[in-house]
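Counting starts at 1 for both ligands and their atoms, following the listed order.
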Amino acid sequence: MPPHPAGSPSGSLAAGLAGGTQGPGRLRPLLGTVLTALADGATARGGPLPAGGPEAVARRVREACTPVLPDTGTGAEEALRTLVRALAEGAADPADPRCTAHLQCPPLAAAVAADLAAGVLNPSLDSWDQAPSATALEAETTAVLAALVYPHQGPGSQGPVHHAPDALITTGGTESNQLALLLAREHAAHPPLQVVCGANAHHSIHRAAWLLGLPEPVTVDTPAGIVDPGELARTLEHLPRRSTLVVATAGTTDTGAIDPLPQIGRIAEAYGAALHIDAAYGGPLLFSDREAPKLDGLTAAASVTLDLHKLGWQPVAAGLLAVPDTAALRPLDHRADYLNAADDTEAGMPDVLGRSLRTSRRPDVLKIAVTLRALGRDGIGRLVDTVCDQAHTFADLIEQEPGLTLHRRPAISTVLFRPADATDHQVAAIRRTLLDQGRAVLGRARADGRLWLKATLLNPATRPEDLQQLLDLITSAPRTEGTTDR
Ligand SMILES: *Cc1c(COP(=O)(O)O)cnc(C)c1O
């Protein structure tokens, strides 16, 4: 390494850098500060979220963070201690068993530790010369994850192009769905591409169609929460003849329901439509031998969305878009001379600019790769089984409670329920009261024309007694007609 002038004019700044051989030594005491602040904040909160509602939280944060931009800085120790503590104290913490509203998972410590290294090294995956090892690690890891989704499309190598499954790393289901619709648009023989999806499809499908200038998606009613194959066939029958993309969902955000993928695949094929499967939630069932059969039919899709920051226990962001053949990604190819000059590519430098619509891009692959290796397929599969089992236990407890109604047996790890005789207003008020009191974070979902409380179980450490306590909070909640409405 060329010697750096240690006492250069930027000496005090250099003393604060995280990288290089000296960086870890500088980070160590700061990490101690951060970890202490996290623990202190969690203790001060004392529950799944801060009590008092948005105004109380905003006031405490304002007090802690003022001045946001002081004329003279307070130093790294003080800033970390103050702001990390304030953030932790005011957080909704998915590691608490009573924080179970959304597809917000409690991340694994190993993944978070890996993310720290990603921040230190700061590789940017828009060119090989900013990220030599991260480029290679991403290629190795995405090949394995793509093969998990498309196990039968083995790497064939006729000619220069390898027709193997591939996967892009994205910021999540929203970006993956956008890319899926973009690729379908670019491959459409008879534009404009018409998207057809269930009423149960994620809102990002509609936004992506809007963003990409596609016609408004045709929506198939899903009164039972999943796409009915007969209804889908009737819809396709009546469409004008042009390129069509059917979007199915494996794990809806509201109920965790999985569309009948094999039948949908057959119908899409019969009508010459392409298929995209949004398995943002359900995709990681593939890690579990027991749960994977729920995703039979996945391989018929031209693209599959899958999130590892839901089931997968990664801190955000950890999304994937898998395709059966890397050639499908070619519409994303893009040249910028300073990043992937043609002669550099010819000379053998990997061209990574076409693996995203972003330019600067974090190595989210590192935490994913660490998790895959640390836990193995078995270990991740067991976590998946555990939260699916919890959902069944929770549903059992609800069924045993005469004052509560269960919506359906869980398909993955989402459970909808409600007090048997409550109005929708009362259901909404119960949820807000628990949020205000800082006692529980439950979600809400509309199904069968009614409002339900939603628990999305993603915490493998949750015990049956935690689930019972959560239910006790609901059954003992005072029944108000929306008096805590804001
Ligand atoms: C969460 C989710 C998305 C959006 O994913 P983000 O990671 O939040 O962008 C899309 N589709 C489904 C079915 C989801 O559950």
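Interface atoms of ligand 1 facing Gly251, defined by a heavy-atom separation under 4.0 Å, are 13 (C). Ligand-side atoms of ligand 1 in range of Leu103: 15 (O), range being under 4.0 angstrom from any heavy atom. When each atom of ligand 1 is checked for a heavy atom of Thr253 under 4.0 Å away, the hits are 12 (C), 13 (C), 14 (C), 15 (O).
Put simply, the side chain of Asp351 never gets that close to the backbone of Asn340: no donor and acceptor are under 3.5 Å apart. With hydrogens and angles disregarded, no donor-acceptor distance shorter than 3.5 Å links the side chain of Asp278 to the backbone of Thr249. Of the possible donor and acceptor atoms, none in the side chain of Thr326 sits under 3.5 Å from a partner among the backbone N and O of Ala164. Asp307 places a side-chain N or O within 3.5 Å of a backbone atom of Gly173 that can act as its donor or acceptor partner. Side-chain atoms of Gln390 come within 3.5 Å of backbone N or O of Thr462 as a donor-acceptor pair.
When the heavy atoms of Val247, Leu306, Thr170, Asp307 are ranked by distance to atom 7 (O) of ligand 1, first place goes to Asp307.
Counting only heavy atoms of the protein, atom 4 (C) of ligand 1 lies nearest to His202 CE1, 3.4 Å. In this structure, the protein non-hydrogen atom closest to atom 9 (O) of ligand 1 is Thr174 OG1, 2.7 Å.
For ligand 1, the polar-atom distance check against Gly173 finds a nitrogen or oxygen pair separated by under 3.5 Å. Between Asp278 and ligand 1, an N or O atom pair is found at a separation short of 3.5 Å. Of the polar atoms of Ser204, none of the N or O atoms is found under 3.5 Å from an N or O of ligand 1, judged by distance alone. Ligand 1 has an N or O atom lying under 3.5 Å from an N or O atom of Lys310, backbone or side chain. Checked against a 3.5 angstrom limit, the closest N/O atoms of His309 and ligand 1 fall inside it.
Listed by first and then second residue, the side chain to side chain donor-acceptor pair (under 3.5 Å) pairs that reach into residues 208-233 are Glu231-Arg234, sequence neighbours excluded.
Between Thr305 and Tyr281, every side-chain heavy-atom pair lies at or beyond the 4.5 Å cut-off.
Residue contacts with ligand 1 for Asn177 involve side-chain atoms from C-beta outward but no N, CA, C or O (heavy atoms, distance under 4.0 Å).
Of all heavy-atom pairs spanning Ala300 and Gly265, the tightest one is CB-CA, 4.5 Å.
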